[in-house]
Amino acid sequence: DYMYYTSKGEFEKAAEVIQKTNPFPHTTGMVCDHLCQTKCTRINYDSPVLIREIKRFIAENTSNDISSDVISISKNIKKVAVIGAGPSGLSCAYYLALAGMKVIVYESKDKPGGMVSGAIPSFRLTDEAFNLDLEKIIAAGVEIVYYTKIDPNLFNKIKNKNDYIYIGIGAQVSTPLLIDGINSKGVIDPLDFLFKVKKGKPTNVGNNVVIIGGGNTAMDAARTAYRCVGNNGKVTIVYRRTIKQMPADSGEIQAVLDEGIEIIELASPLSIIAKDGKVISLSCKKMKLGKKDESGRARPEGIPNSDFEINADTIIPAIGQNLNIDFVDTSMLKTNNGS
């Protein structure tokens, strides 16, 4: 619908349509990975519709007010606690507030947005864009309480004071890379690295940085490290599958290549080699593609006697993220189909 209104030049109506299901048009207009474009039927004729760019155009060229037809006329006295001020928690809070509920969001950090505002580099997402979306959420009546780390006691208090609780804390913990030498000095957590750079804190990366992984976090870490090392440094990405099989957004992969960052594909890390406890290189094995695995992708298999090393003084393993819900029995969070 919003594409239709955009094509007719009715930009405010297009904005209202977006607003009904997306409280982050400025943000997604910049960083949505637009996977829908790979299935766009325009491909059958010419090229896919640039849906992310159109959303950004509408967001930047219309008012940021909450449209009257979105706000619920009836108000109720239900109270909802939202744990986590990331995109999920804030989206939930926004629409519940518009429906007339009293919503309080609890956030452990000093700012909202989670990974979106804290880890996505500024050259991809500006603070101004995110803050425009945040202003609208606050205007809807959402209250955010910062510096609030939820523990079992606080969770029980919140549970007793509210009719509902929404947990939207995200996957905040990096998946560990279980290889020898991972505890060596010079191995940096990717999320910690991105958060520090976004805040302007020193990261102490060396001149030769190796990123392990093929997702968007790996691409963000690589492009950020590239800006940290300067002209005398080098950033290399190591991925055990092919570039074509990388789960990262194709545009981000291309941006990495355009910036001159080397991607060594079909290479699997074996161990981190250290001297006096400090990283000096990464030992890898060359891989080949075998039969398809459960994901439908060809499984990488090691090639015998193909070990090689990559010089490195900083290694950033970005191979995924995990949940870490430690304030409630996670068995309580399981649902039954149909219930």
Side-chain angles (χ1 to χ4, degrees), residues 18-36 52 55 59 66 70 72 78-121 124-125 127 129-151 154-155 158-159 162-175 190-191 194-195 198 215-217 220 247-249 320-330 332-335:
I18 294 171
Q19 220 167 249
K20 288 179 180 178
T21 57
N22 181 0
F24 291 100
H26 292 87
T27 302
T28 50
M30 282 190 159
V31 296
C32 170
D33 58 2
H34 53 73
L35 293 175
C36 54
R52 180 176 68 188
K55 184 179 277 97
I66 302 173
V70 176
S72 173
K78 294 291 186 183
K79 293 182 178 180
V80 182
V82 174
I83 300 176
S88 174
L90 290 178
S91 296
C92 174
Y94 174 69
Y95 290 113
L96 290 180
L98 292 182
M101 296 190 185
K102 173 65 176 177
V103 186
I104 297 179
V105 182
Y106 296 91
E107 169 58 43
S108 63
K109 296 182 176 61
D110 61 348
K111 61 183 290 188
M115 300 294 175
V116 170
S117 64
I120 295 180
R124 286 187 60 206
L125 175 64
D127 289 338
F130 175 79
N131 287 335
L132 283 169
D133 292 332
L134 178 64
E135 287 172 7
K136 184 176 60 186
I137 293 169
I138 299 299
V142 174
E143 179 184 350
I144 305 176
V145 180
Y146 300 105
Y147 297 108
T148 305
K149 175 69 175 176
I150 304 297
D151 58 26
L154 182 55
F155 179 78
I158 291 173
K159 186 172 66 171
N162 292 274
D163 298 288
Y164 301 97
I165 295 178
Y166 180 89
I167 300 175
I169 65 172
Q172 302 184 47
V173 181
S174 298
T175 303
L191 300 179
L194 291 170
F195 271 99
K198 195 74 178 279
N216 278 335
T217 300
D220 283 346
D249 175 21
Q321 290 155 229
N322 297 324
L323 294 173
N324 182 30
I325 302 177
D326 58 2
F327 52 81
V328 63
D329 182 356
T330 53
M332 292 175 58
L333 306 180
K334 294 182 179 178
T335 58

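As the structure is a computational prediction, the values presented were derived from the model and not from experiment. Numbers here are sequence positions counted from 1.
Smallest separation of non-hydrogen atoms from A81 and I158: CB-CG2, 3.2 Å. Here the closest heavy-atom approach between residue A97 and residue A140 is recorded as CB-O, 3.5 Å. Of all the heavy atoms in T27 and A129, the pair that sits closest is OG1-O, 4.2 Å. D110 approaches Y147 most closely through the heavy-atom pair CB-OH, 3.0 Å. In terms of heavy-atom proximity, L154 sits nearest to K149 at CD2-O, 3.8 Å.
K198 contributes a side-chain N or O that, together with a main-chain N or O of I120, makes up a donor-acceptor pair within less than 3.5 Å. In this structure, Y94 contributes its side chain and L134 its backbone to no donor-acceptor pair below 3.5 Å. Checking side-chain atoms of T148 against main-chain N and O of Y146 turns up a donor-acceptor pair under 3.5 Å. For the pair Y164 (side chain) and V82 (backbone), a donor-acceptor distance under 3.5 Å is absent. Not a single donor-acceptor pair under 3.5 Å links the side chain of N22 to the backbone N or O of I18. With hydrogens and angles ignored, the 3.5 Å screen pairs no side-chain donor or acceptor of D163 with any backbone N or O of K78. With Q321 contributing its side chain and A171 its backbone, the two residues share a donor-acceptor pair below 3.5 Å.
Results of the salt bridge (charged side-chain N to carboxylate O under 4.0 Å, His left out) test with R124 over D249, D33, D220 single out D220 as the only residue that passes.
The shortest distance between side-chain heavy atoms of C32 and R52 falls below 4.5 Å.
By the ring-ring contact (aromatic ring centres under 6.0 Å, His included) test, F155 is found to be paired with F327, residues two or more places apart in sequence or in another chain being considered.
Between atom CG of residue L98 and atom CD1 of residue I137 there is a gap of 9.5 Å, rounded to the nearest 0.5 Å.
A cation-pi arrangement is not found for K111 relative to F130, the charged atom failing to lie both closer than 6.0 Å to the ring centre and inside a 45° cone about the ring normal.
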